[in-house]
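For reference, the structure I am asking about is given below.
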Amino acid sequence: MSKMSQALVDCGALQFGDFTLASGAKSSYYIDIKRASTDPKVLKLIAQLMAENLAESGLKVDRIAGVVLGSVPLAAALSLETGIPYIMIRKEKKDHGTGKLIEGILNEGDNVLVVEDVITSAGSSITAIGTLREAGAKVENVYSVIDREAGGADNLKEIGIQLTPLVRASELL
């Protein structure tokens with residue numbers, strides 16, 4: 001079992017029962033990634049492993065993007081680990097303040113790495129990538145903590161995105 005898989009088990013993030021996922025799919029297991037990402041030791045491990053992947057890949061990114069709410073701690077931790085600024089992507093515009101979907105500084109042409117907690121169908125990632133691309137960003141990669149291996153990687157590939165998970169569901173179960 002990988003270091004990341006072991007950390008998820010040890011912090012109690014892996015749970016068994018009857019669950020309905022954000023995608024609407026039913027599942028016999030649930031990965032409570034908020035439980036993992038609110039544990040400083042596990043969050044640091046996630047950031048370190050993602051930073052290692054980034055260094056090994058040779059990818060040059062200008063911004064790290066986290067989708068509100070679950071992926072923002074991951075983006076912030078990876079930003080601290082790498083020194084790369086991060087931005088936050090809202091799922092919907094607020095009707096107060098600036099009403100922006102993207103919080104933080106994004107320049108046209110920036111190469112953006114999207115980080116996600118769990119990828120199932122990748123619906124929220126695809127929406128966030130659309131928002132980023134509309135704003136002029138270049139997005140070709142998503143890093144996730146978990147790939148549930150439920151079609152998300154294929155859905156991302158269809159829009160020109162490479163998924164790099166730290167853990168695949170089949171490794172955990």
Side-chain angles (χ1 to χ4, degrees), residues 1-14 31-91 102-120 122 124-133 135-149 152-157 159-172:
M1 186 176 275
S2 74
K3 212 179 202 180
M4 188 71 250
S5 297
Q6 192 62 56
L8 291 169
V9 169
D10 291 349
C11 78
L14 181 61
I31 300 151
D32 184 352
I33 203 71
K34 309 302 184 280
R35 187 171 186 149
S37 64
T38 54
D39 179 319
K41 288 190 293 294
V42 180
L43 182 60
K44 185 163 184 60
L45 177 63
I46 290 168
Q48 288 170 335
L49 293 173
M50 285 187 174
E52 282 172 24
N53 282 348
L54 196 54
E56 287 166 15
S57 75
L59 274 180
K60 297 284 177 253
V61 299
D62 302 302
R63 298 281 181 268
I64 296 161
V67 182
V68 173
L69 176 82
S71 304
V72 170
L74 307 179
L78 185 55
S79 175
L80 288 168
E81 191 70 28
T82 61
I84 300 167
Y86 78 99
I87 55 178
M88 297 173 279
I89 314 301
R90 292 186 188 281
K91 291 180 180 163
I102 300 171
E103 297 293 347
I105 297 169
L106 177 68
N107 304 302
E108 191 156 340
D110 276 353
N111 192 15
V112 178
L113 170 67
V114 173
V115 294
E116 282 282 17
D117 46 13
V118 179
I119 295 284
T120 304
S124 67
S125 301
I126 290 167
T127 301
I129 290 162
T131 299
L132 288 164
R133 286 177 172 169
K138 185 175 155 207
V139 188
E140 296 175 345
N141 293 274
V142 170
Y143 281 12
S144 69
V145 180
I146 314 280
D147 176 5
R148 286 186 64 103
E149 298 172 295
D154 290 335
N155 292 340
L156 288 167
K157 191 178 284 180
I159 62 162
I161 302 290
Q162 167 78 40
L163 174 63
T164 304
L166 295 179
V167 178
R168 288 182 173 80
S170 57
E171 297 164 18
L172 262 181

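Just the heavy atoms: all of them, side chains too, but no hydrogens, waters or symmetry mates, feed the values below. Position 1 is the first residue of the sequence, and the numbers go up from there.
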Considering all heavy atoms, the nearest Met4-Val42 contact: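 Between these two residues, the closest heavy atoms are CE-CG1, 3.8 Å.
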
Discussion item. Can you tell me how far apart CD1 (Ile46) and OG (Ser37) are? Round to the nearest 0.5 Å.
Written reply: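 Result: 6.5 Å between the selected atoms.
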
| task | Can you measure from CG (Asn141) to OG (Ser57) and round to the nearest 0.5 angstrom? | result |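 Those atoms lie 7.0 Å apart.
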
For this session: Side-chain contact test, heavy atoms from C-beta onward, threshold under 4.5 Å: evaluate it for Lys91 versus Leu69 and give yes or no.
Result: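 Side-chain contact under 4.5 Å: no.
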
Distance (rounded to the nearest 0.5 Å) between Gln162 CD and Leu113 CG: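 Rounded to the nearest 0.5 Å, the CD-CG separation comes to 11.5 Å.
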
Are Val139 and Arg133 side-chain neighbours, meaning at least one heavy-atom pair lies under 4.5 Å?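 Yes, close enough: below the 4.5 Å cut-off.
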
- Message: I need the Asp154 CG to Glu149 CD distance, nearest 0.5 Å.
- Response: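 With rounding to 0.5 Å, CG (Asp154) is 11.0 Å from CD (Glu149).
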
- Query: Is there side-chain contact between Ile64 and Leu74, with heavy atoms separated by less than 4.5 Å?
  - Reply: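 Answer no - side chains too far apart.
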
Next item on the list: Using the side chain to side chain contact (heavy atoms under 4.5 Å, CB included) rule, take Ile161 and Ile126 through it: C-alpha gap first, then chi angles, then the decisive distance, then the call.
Entry: CA-CA 9 Å; Ile161 302 290; Ile126 290 167; over 6 Å; no

Nearest heavy-atom pair of Leu8 and Ile146: which atoms, and what distance?
->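 Looks like CD1-CD1, 3.3 Å.
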
- prompt: Where do Tyr143 and Leu54 land on the side chain to side chain contact (heavy atoms under 4.5 Å, CB included) test, with the steps shown first?
  reply: CA-CA 9 Å; Tyr143 281 12; Leu54 196 54; 3.9 Å; yes

- At their closest point, which heavy atom of Lys60 faces which heavy atom of Asn111, and how far apart are they?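 Looking at all heavy atoms of both residues, the closest pair is O-ND2, 2.6 Å.
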
Under the salt bridge (charged side-chain N to carboxylate O under 4.0 Å, His left out) rule, what pairs show up with a residue in residues 1-14, not counting sequence neighbours?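 Checked against salt bridge (charged side-chain N to carboxylate O under 4.0 Å, His left out) - neighbours excluded - no pair reaches residues 1-14.
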
Review point. Take atom CG in Leu80; do more than 12 heavy atoms of anything else shown fall under 6.0 Å from it?
Key: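 Yes.
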
Exercise for review: Determine whether Ile89 and Val114 make a side-chain contact, defined as any pair of heavy atoms from C-beta on separated by less than 4.5 Å.
Suggested key: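 Of all side-chain heavy-atom pairs linking Val114 with Ile89, none is under 4.5 Å.
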
- prompt: Does the side chain of Leu78 reach to within under 4.5 Å of the side chain of Ile84, using non-hydrogen atoms?
  reply: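 When only atoms from C-beta onward are counted, Ile84 and Leu78 do not touch, as no gap falls below 4.5 Å.
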
Would you name the heavy atoms of Leu166 and Glu171 that are closest together and state the gap between them?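 Of all heavy-atom pairs spanning Leu166 and Glu171, the closest is O-OE1, 4.3 Å.
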
- Message: Are the side chains of Pro165 and Ile119 in contact, using a 4.5 Å heavy-atom criterion?
- Response: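 No; the side chains remain at least 4.5 Å from each other.
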
Point to revise | Chi angles and distances behind the side chain to side chain contact (heavy atoms under 4.5 Å, CB included) call for Ile129, Leu156 | key: CA-CA 10 Å; Ile129 290 162; Leu156 288 167; 3.9 Å; yes

Quick check: closest heavy atoms across Pro73 and Leu43, and the distance to 0.1 Å?
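For Pro73 and Leu43, the tightest heavy-atom pair comes out as O-CD1, 3.8 Å.
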
Ala75 to Ala65 - nearest heavy-atom pair and separation
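Looking at all heavy atoms of both residues, the closest pair is CB-C, 4.1 Å.
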
- Counterpart residues, side-chain hydrogen bond (donor to acceptor under 3.5 Å, both in side chains), relative to Thr164 (two or more places apart):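 Listed in chain order: nothing, the list is empty.
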
Using the salt bridge (Lys or Arg N to Asp or Glu O under 4.0 Å) criterion, which residues pair with Asp117? Sequence neighbours excluded.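 Asp117: salt bridge (Lys or Arg N to Asp or Glu O under 4.0 Å) contacts with Lys34.
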
Query raised in the report: Got a second to check how far Ile33's CD1 is from Leu14's CG, nearest 0.5 Å?
Result: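 Here the interatomic distance stands at 10.5 Å.
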
Self-check item: Pairs where residues 61-85 contributes a residue and the test side chain to side chain donor-acceptor pair (under 3.5 Å) is met, not counting sequence neighbours
Solution: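 As it turns out, the side chain to side chain donor-acceptor pair (under 3.5 Å) pairs with a partner in residues 61-85, which skip direct neighbours, are Ser71-Glu116.
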
message: Can you list everything that forms a side-chain contact (heavy atoms from CB on, under 4.5 Å) with Thr120? Sequence neighbours excluded, please.
response: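 For Thr120, the residues satisfying side-chain contact (heavy atoms from CB on, under 4.5 Å) (neighbours in sequence not counted) are Leu21, Ser23, Val118, Arg148, Ala150.
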
key: Counterpart residues, side-chain hydrogen bond (donor to acceptor under 3.5 Å, both in side chains), relative to Ser2 (two or more places apart)   =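 Partners of Ser2 by the side-chain hydrogen bond (donor to acceptor under 3.5 Å, both in side chains) criterion, ordered by chain and then number, come out as Ser5.
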
